[in-house]
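Have a look at the structure below before the remarks.
All chains are named by letter (A, B, ...) in the order of the sequence lines, taking the proteins before the strands, and each is independently numbered beginning at 1. No experiment lies behind these values; they were computed from the predicted model shown.
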Number of protein chains: 2
Amino acid sequence: MLPKKTKYAIKALTALAVVYFDKKPLRISQIAETEKIPRKFLEAILLELKNQGFVGSKMGATGGYYLAKHPEEIMLSHIIRSTGGPIALLPCVSLNYYEKCNECKDEITCGLRDVVLEVREASLKILSKTSLTDVILREKRLLRKNMK
Amino acid sequence: MLPKKTKYAIKALTALAVVYFDKKPLRISQIAETEKIPRKFLEAILLELKNQGFVGSKMGATGGYYLAKHPEEIMLSHIIRSTGGPIALLPCVSLNYYEKCNECKDEITCGLRDVVLEVREASLKILSKTSLTDVILREKRLLRKNMK
DNA sequence: CAAATATACTACTAATTTAGTAGGAATTAA
DNA sequence: TTAATTCCTACTAAATTAGTAGTATATTTG
């Protein structure tokens, strides 16, 4: 499961992506309200996202956050990794949270590892080609579909 | 990530699957040693797997555990679910650990949910058709491949 | 029957992770 | 100068994970 932090990060970045072309920053409290994310927690998350280059910020009155890259360039896999949400089912097949498997004498010939490797690849295939723009597009499609 | 419990469960069941046709039970301590699983922890896990119908047991001297079903019938998805390892990335798309998403006004039109739903389906497709027999087969194949 | 060897079962516990919160410093616009 | 905002450090409470301890119960074998 992804931590809430990761989910909040994706939600917040998507909110910023929606207004990307407005060229005006969005306040933390605005995002917190519309996305129903605890204010202070979101503050910490956005700060981290800033340090990782996803967003930029403007301080002081009329300040706020804005996307630092084009929403098409920000992939869900990037966000997940940067906010500590591992994609792999086991550490021994994780690209970013790799840990040697203590039990296995030989990882290369582990049958279980072979399976979870396949699962990771299937998941990553989707997450690494889905951008913030795609998330917004999906939302729009779903809305249309449910209007009818 | 899957909890260690789940990983240990799969490892232990695979060990039992290997000797399935011997018709003799395997002692906890034997499994614990060869799979490098903490003895007492494995004891608790096997007991749970027994209550869930995966394995049977024989008490007393010469006792131990054995698979209660044919290894081809036991799928990784079953084991993962029964030992508390969620497959989905978010609770709102989990079949067995579903929880309503507090943030979403409408889950049906959530773009993020749409993506993680796709990821869950891709993962499940693999895990629900991979049996203990398949895990052993993969292991054998990997061994041959690495011998050359 | 007694001893040895298993599993069965209940009840803890210690460490880690998660999901936050509190409070003030720094910055900027009006 | 004041109000509004982000920046930053330092906590904290609750939940989860990964076990362990100890004893009861069952079974084989001599």
Worksheet item: Going from CD1 on A/Ile74 to OG1 on A/Thr130, what distance comes out if it is rounded to the nearest 0.5 angstrom?
Response: 13.5 Å
Discussion item. Expressed as a whole number of angstroms, how long is the span from A/Met1:CE to D/dT16:C1'?
Written reply: 14 Å
Response to the item:
So, with a heavy-atom separation below 4.0 Å from DNA chain D, the residues of residues 88-105 of chain A are none
Polar atoms only, N or O, under 3.5 Å: list the protein pairs with nucleotides 22-25 of chain D and their distances.
| unit_1 | atom_1 | unit_2 | atom_2 | d |
| --- | --- | --- | --- | --- |
| D/dG22 | O6 | B/Lys40 | NZ | 2.3 |

Practice prompt. Keeping the roles fixed (side chain from A/Asp134, backbone from A/Ser131), state whether a donor-acceptor pair exists under 3.5 Å.
Written response: yes
Fill in: Atom pair CG/CG of A/Leu76 and A/Leu124 - distance to nearest 0.5 Å
11.0 Å
Worksheet entry | Verify same cluster id: B/Val119, A/Leu117 (apolar side-chain graph, 4.5 Å) | no
Fill in: Length of the line joining A/Lys58:NZ and D/dC7:C1', which is rounded to integer Å
16 Å
Discussion item. Quick test of your reading: applying side chain to side chain donor-acceptor pair (under 3.5 Å), list the pairs with at least one residue in residues 77-96 of chain A, sequence neighbours left out, ordered by first then second residue.
Written reply: A/Thr6-A/Thr83
Item to complete: Kindly compute the distance separating CD1 (B/Ile45) from NZ (B/Lys7), expressed to the nearest 0.5 Å.
Response: 11.5 Å
Response to the item:
Value for CG (B/Leu13) from CG (B/Leu49), rounded to nearest 0.5 Å, stands at 5.0 Å
Discussion item. The criterion is salt bridge (charged side-chain N to carboxylate O under 4.0 Å, His left out); which residues satisfy it with A/Lys40, sequence neighbours excluded?
Written reply: A/Glu43
Practice prompt. Check the hydrophobic clustering (I, L, V, M, F, W, Y; side-chain heavy atoms under 4.5 Å; chains of links allowed) and say if A/Tyr66 and A/Ile10 are grouped together.
Written response: no
Worksheet item: Looking at B/Leu127 and B/Met75, what are the two nearest heavy atoms and their distance?
Response: O-CB, 4.1 Å
Worksheet item: Does anything in residues 26-36 of chain B reach DNA chain C, meaning a heavy atom under 4.0 Å, and if so which residues?
Response: B/Arg27, B/Ile28
Worksheet item: Which residues, ordered by chain and number, are linked to B/Met1 in its hydrophobic cluster, where ILVMFWY side chains connect at heavy-atom gaps below 4.5 Å, directly or through other members?
Response: A/Tyr97
Worksheet item: Could you give the distance from OG1 (B/Thr109) to NZ (A/Lys140), rounded to the nearest 0.5 Å?
Response: 13.5 Å
Side chains of residues 22-37 of chain A: which donor-acceptor pairs under 3.5 Å do they make with residues two or more places apart or in other chains?
| unit_1 | atom_1 | unit_2 | atom_2 | d |
| --- | --- | --- | --- | --- |
| A/Gln30 | OE1 | A/Arg27 | N | 3.0 |
| A/Thr34 | OG1 | A/Gln30 | O | 3.3 |
| A/Thr34 | OG1 | A/Ile31 | O | 3.4 |

Worksheet item: Is there a path from A/Leu16 to A/Leu137 through hydrophobic residues (I, L, V, M, F, W, Y) whose side chains come within less than 4.5 Å of each other?
Response: no
Worksheet entry | Greater than 12 external heavy atoms within 6.0 Å of A/Lys145's NZ | no
Item to complete: Return the set of residues passing ring-ring contact (aromatic ring centres under 6.0 Å, His included) with A/Tyr98 (not counting sequence neighbours), or none when no residue passes.
Response: none
Worksheet entry | Rounded distance (Å) that lies between atom P of D/dT5 and atom CG of A/Leu47 | 17 Å
Worksheet item: To the nearest angstrom, how far is B/Lys4 atom NZ from D/dT16 atom C1'?
Response: 15 Å
Discussion item. At 10 degrees resolution, what angle do the end axes of the helix from C/dC1-D/dG30 to C/dA30-D/dT1 form when each is taken over five base pairs?
Written reply: 10°
Worksheet item: Within this structure, what is the CG-to-P distance between B/Leu42 and D/dT20, rounded to whole angstrom?
Response: 11 Å
Worksheet item: B/Thr62 or A/Gly84: which one's nearest nucleotide on DNA chain C is closer to the 5' end?
Response: B/Thr62
Item to complete: Sequence neighbours left out, what passes side chain to side chain contact (heavy atoms under 4.5 Å, CB included) with A/Tyr20? Give chain and number order.
Response: A/Leu67, A/His70, A/Pro71
Worksheet item: Looking at residues 48-57 of chain A, who's got a heavy atom less than 4.0 Å off DNA chain D?
Response: A/Lys50, A/Ser57
Item to complete: Using atom types as modelled and distance alone, determine if a side-chain donor or acceptor of A/Glu107 lies under 3.5 Å from a backbone N or O of A/Arg113.
Response: no
Fill in: Range on DNA chain C touched by chain A - first to last nucleotide, heavy-atom distance under 4.0 Å
C/dA19 to C/dA29
